[in-house]
Amino acid sequence: MKKTADPLTPQKHEFHLLQKQQRVLKHLKLLLLVPLKINDKMPNIRLIKDQFQYLVKEVLVIKYQHKLDEYINRFQPDLILALGSETLFPEENIAALKTSTVPKAIWMSDATGLSIVERKLALLFDYIFTQSLSNLFYYEGLLGKQSSYLPYVADTDIYFPRRVESRFKSDVLILGNFSKNNLLQSLAQSQWLTNLKVTAYGIGVENFSDFIVAITSSEHLSSYYNGTRMVINFSGSLQQVMEVSACGIFQMTQEHPNLQGYLIPQNGLISFSTFNQLTDFIKHYSSHSDEKRLAASLALQKNKHNYSYMQQGLTLLNAIFE
Amino acid sequence: MKCIAFVLPQFHQIPENDDWWGKGFTEWTNVKKASSLYPEHHQPNQPTNNNYYDLTEPEVRRWQAQIAKAHGIHGFCYYHYWFKGKQLLELPVQQILTSKEPDFPFCLSWANEPWTRRWDGTDHEVLMPQEYGEEQDWEIHFNVLLKAFVDERYIRVDGKPVFIIYRTSNIPRCEEMLQYWRKLALENGLEGLHLVRTLGGFPLTEQSGFDASLEYEPHYTFAHGGLNFLWSTKQVGDKEHSVIDYDQIWDSMLERTPHRDGEIIYPGAFVNWDNTPRKGVAGQSTLGSTPQKFGLYLSRQIERAKKLFNTEFIFINAWNEWAEGTYLEPDNKHQYQYLEAIKEALNRSAQ
């Protein structure tokens with residue numbers, strides 16, 4: 001039987017843009033579109049599929065390149081959700097997306113900017129979920145689209161607490177853009193890092209390579225996280241904050257709009273906005289290891305409970321369905 | 001996985017305790033006089049077959065090792081009481097060293113708190129003060145320890161004898177003392193020392209010189225677990241008695257990050273906590289402990305030790321702290337269930 005026989009399924013494309021559909025989530029069928037290749041920006045598809053299966057009736061994962069209209073007809077999804085935003089769909093699937101009346105959403109992997117591909121993809125979907133608050137302003141300007149800030153969570157297959165080899169160990173690990181961040185530059189040039197083994201990951205770190213060991217690839221980032229005694233995070237990336245938390249490592253974060261609303265108590269995630277605040281915290285936590293451990297444990301637990309793909313998936317579905 | 005249980009080398013008469021607590025005092029004195037304070041509170045705890053043993057008897061130590069081994073426990077960690085040249089409760093370990101019996105791994109933990117009338121190491125009415133001295137005293141102490149360190153049963157890491165110190169921040173020149181001992185260890189033909197600091201229920205200052213830290217539970221979690229709703233009270237007569245939720249402590253232990261300050265950490269486990277035999281209503285007891293829960297929690301801690309902490313040791317408090325309600329030895333209520341829980345947990349982790 002055709003799914004359109006369901007009286008609760010909207011017949012008009014415009015309807016669900018104006019009003020959320022009343023649906024029992026556990027009755028929904030979700031068609032997940034994923035790229036052929038994955039990279040650092042992409043979320044863990046296995047985790048997403050697994051967690052969405054707790055929320056909806058059925059999840060089918062296919063590639064961007066599969067013949068979409070065939071799957072729409074055969075699977076009769078209630079929602080099409082595309083993951084990632086680095087490649088465009090084949091022309092035939094763009095046409096299928098445009099003609100389908102099924103609600104269509106994309107969960108962009110747009111943390112590092114806004115590419116032409118992302119701008120094009122945004123036009124194909126009714127609902128846009130972004131990794132970046134600054135991109136959100138762009139998507140909000142698109143007519144007839146509904147957009148939300150919804151970061152991917154930490155990939156717990158990669159980011160989890162463990163002991164690591166000594167080559168990954170450091171006293172302090174810095175995350176952020178060394179070229180653009182004045183506070184970060186002040187720290188790097190200050191006496192606070194003297195006599196410490198400092199590692200760093202971010203743009204411009206090579207200018208400080210005299211005393212900072214630059215992490216040049218993200219390949220072993222989780223090991224570097226697990227090997228440090230303290231992370232100072234200037235990145236403003238909520239995903240990166242979550243990844244550090246998921247490793248059970250103590251971190252201090254520079255205040256940033258992206259981190260507002262992050263559901264970790266203040267005593268779990270220590271935030272700073274001035275150089276003096278930062279240095280006070282460095283001084284304090286360098287000599288209070290068990291406070292550090294308590295904060296890291298709290299962040300680890302809250303991150304696990306508040307930022308799973310089940311939690312984010314529920315937020316995503318609730319933005320579309322009632 | 002190597003589970004090591006702390007052993008209290010009390011349970012025998014010593015002149016000092018005769019003086020301080022009355023003729024014939026042993027740990028059993030307090031254990032026997034304990035009473036139930038509220039309906040769910042089980043006291044007095046009684047060893048099976050009225051086995052109120054004397055730890056200076058070789059057959060008792062043989063029996064302990066035998067049942068510990070049979071249930072998968074790797075070894076014992078005996079408390080070592082050293083007060084600048086004066087030792088207390090040393091006889092059981094001395095006998096183990098001289099008799100070479102039982103054939104069971106062991107190590108020592110220097111319980112370096114002063115002895116007080118309150119049983120808690122606080123400086124109220126000190127019975128036996130704790131002092132640390134200088135190099136000459138450290139050497140005398142080391143030479144006493146050396147007799148144990150060279151014993152082939154002594155527990156080692158990378159060939160180095162494991163020596164635990166309880167309250168390290170009380171030691172004024174701790175790092176120097178540790179360096180001095182390491183030097184003496186090499187001079188005496190050892191491969192070095194594996195020195196472990198205890199993370200306990202007291203303020204923990206930053207200290208270097210140790211090879212690892214050890215979570216001493218449940219005290220570490222009491223003090224550093226950040227639990228706001230752990231403690232509650234029960235009305236006992238006209239007094240309030242402190243009650244602790246057994247599961248909350250374990251939950252906190254099992255949710256904690258393995259990272260602290262970059263050091264190796266040996267995770268801890270505890271059987272139960274009830275020090276009312278010593279302190280009566282002023283003591284603390286737990287609600288909700290069972291051998292089954294202990295086994296399940298221990299299983300998870302073993303998994304964490306392997307996967308997160310990357311360590312081969314778990315330290316269990318305790319083998320025989322009867323007056324603190326944390327013991328693995330069989331009693332009339334649970335028989336061998338706590339020991340069986342360890343065996344099952346180890347078997348599960350080995351599968």
Side-chain angles (χ1 to χ4, degrees), chain A residues 156-157 159-173 195-199 222-231 244-251 264-269 282-305, chain B residues 157-158 167-169 197-208 210-217 219-228 230 248-268 300-301 303-313:
Chain A
T156 48
D157 285 354
Y159 298 96
F160 59 93
R162 64 190 183 280
R163 279 189 62 75
V164 292
E165 296 167 44
S166 54
R167 68 189 167 114
F168 296 114
K169 295 204 167 170
S170 66
D171 296 312
V172 176
L173 190 156
N195 299 325
L196 295 176
K197 184 182 176 190
V198 182
T199 52
S222 70
S223 295
Y224 283 106
Y225 290 168
N226 271 293
T228 192
R229 296 159 79 178
M230 177 186 292
V231 167
V244 174
S245 293
C247 290
I249 288 294
F250 173 79
Q251 71 178 319
I264 300 291
Q266 270 187 335
N267 51 349
L269 191 70
I282 292 174
K283 195 174 166 188
H284 177 79
Y285 286 103
S286 295
S287 58
H288 291 83
S289 295
D290 293 288
E291 281 187 37
K292 219 165 62 171
R293 194 179 194 195
L294 190 58
S297 297
L298 189 62
L300 173 67
Q301 290 163 32
K302 293 295 178 188
N303 196 67
K304 183 174 80 175
H305 297 140
Chain B
V157 169
D158 298 331
R167 200 151 177 175
T168 56
S169 49
R197 74 177 291 195
T198 304
L199 303 176
F202 34 74
L204 294 162
T205 55
E206 298 313 298
Q207 279 188 300
S208 43
F210 289 93
D211 300 294
S213 299
L214 173 161
E215 294 175 348
Y216 186 76
E217 298 294 0
H219 304 65
Y220 181 52
T221 302
F222 286 168
H224 302 284
L227 296 172
N228 297 325
L230 177 63
Q248 272 195 45
I249 308 168
W250 267 108
D251 280 349
S252 174
M253 288 163 56
L254 296 171
E255 292 284 339
R256 179 185 293 141
T257 177
H259 302 296
R260 184 176 172 274
D261 198 35
E263 79 267 45
I264 293 169
I265 293 183
Y266 299 130
R300 285 186 56 199
Q301 191 69 314
E303 288 310 304
R304 283 165 49 82
K306 288 198 291 194
K307 290 179 184 163
L308 309 187
F309 290 78
N310 194 21
T311 167
E312 58 178 348
F313 293 118

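Quick note on labels: first sequence line is chain A, next is B, and so on, each numbered from 1.
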Once rounded to the nearest 0.5 Å, what's the spacing between atom [atom1] of [X] and atom [atom2] of [Y]?
X        : Y        : atom1 : atom2 : result
B:Thr257 : A:Leu298 : OG1   : CG    : 12.0 Å
B:Asp261 : A:Phe250 : CG    : CZ    : 10.5 Å
A:Leu300 : B:Arg256 : CG    : CZ    : 12.0 Å
B:Glu255 : A:His305 : CD    : NE2   : 5.0 Å

- Message: Show the nearest heavy-atom pair for residues B:His259 and A:Pro161, with the distance to one decimal.
- Response: NE2-CA, 4.1 Å
Would one find more than 12 heavy atoms of other residues, nucleotides or ligands at under 6.0 Å from atom [atom1] of [X]?
X        : atom1 : answer
A:Lys302 : NZ    : no
B:Asp158 : CG    : no
A:Lys283 : NZ    : no

- Query: A:Asn226 versus chain B, heavy atoms under 4.5 Å apart: side chain, backbone, both or neither?
  - Reply: both
- Message: Counting only non-hydrogen atoms closer than 4.5 Å, does A:Ser286 touch chain B with its backbone (N, CA, C, O), its side chain (CB onward), both, or neither?
- Response: backbone
- In sequence, state the C-alpha distance, the side-chain angles, and the governing distance for A:Arg293 and B:Leu204, and then conclude on side-chain contact (heavy atoms from CB on, under 4.5 Å). CA-CA 12 Å; A:Arg293 194 179 194 195; B:Leu204 294 162; over 6 Å; no
- Query: With a 4.5 angstrom heavy-atom cut-off, which part of B:Leu199 approaches chain A: side chain, backbone, both or neither?
  - Reply: side chain
- Task: Report the option among A:Ile249, A:Val164, A:Asp171 that has the most heavy-atom pairs separated by less than 4.5 Å from atoms of chain B.
- Result: A:Ile249
- Would you mind telling me which of A:Cys247, A:Ser287, A:Ala296 has the largest number of heavy-atom pairs within less than 4.5 Å of chain B? A:Ser287
- Partner set under ring-ring contact (aromatic ring centres under 6.0 Å, His included) for A:His284, not counting sequence neighbours: A:His288
- Task: Name all residues meeting the ring-ring contact (aromatic ring centres under 6.0 Å, His included) criterion together with B:Phe313; count only those two or more places apart in sequence or in a different chain, and write none if there are none.
- Result: B:Tyr266
- Just checking, any donor-acceptor pair under 3.5 angstrom between side chains of B:Glu206 and A:Ser289? yes
- Item | Chi angles and distances behind the side-chain contact (heavy atoms from CB on, under 4.5 Å) call for A:Arg163, B:Ile264 | CA-CA 8 Å; A:Arg163 279 189 62 75; B:Ile264 293 169; 3.3 Å; yes
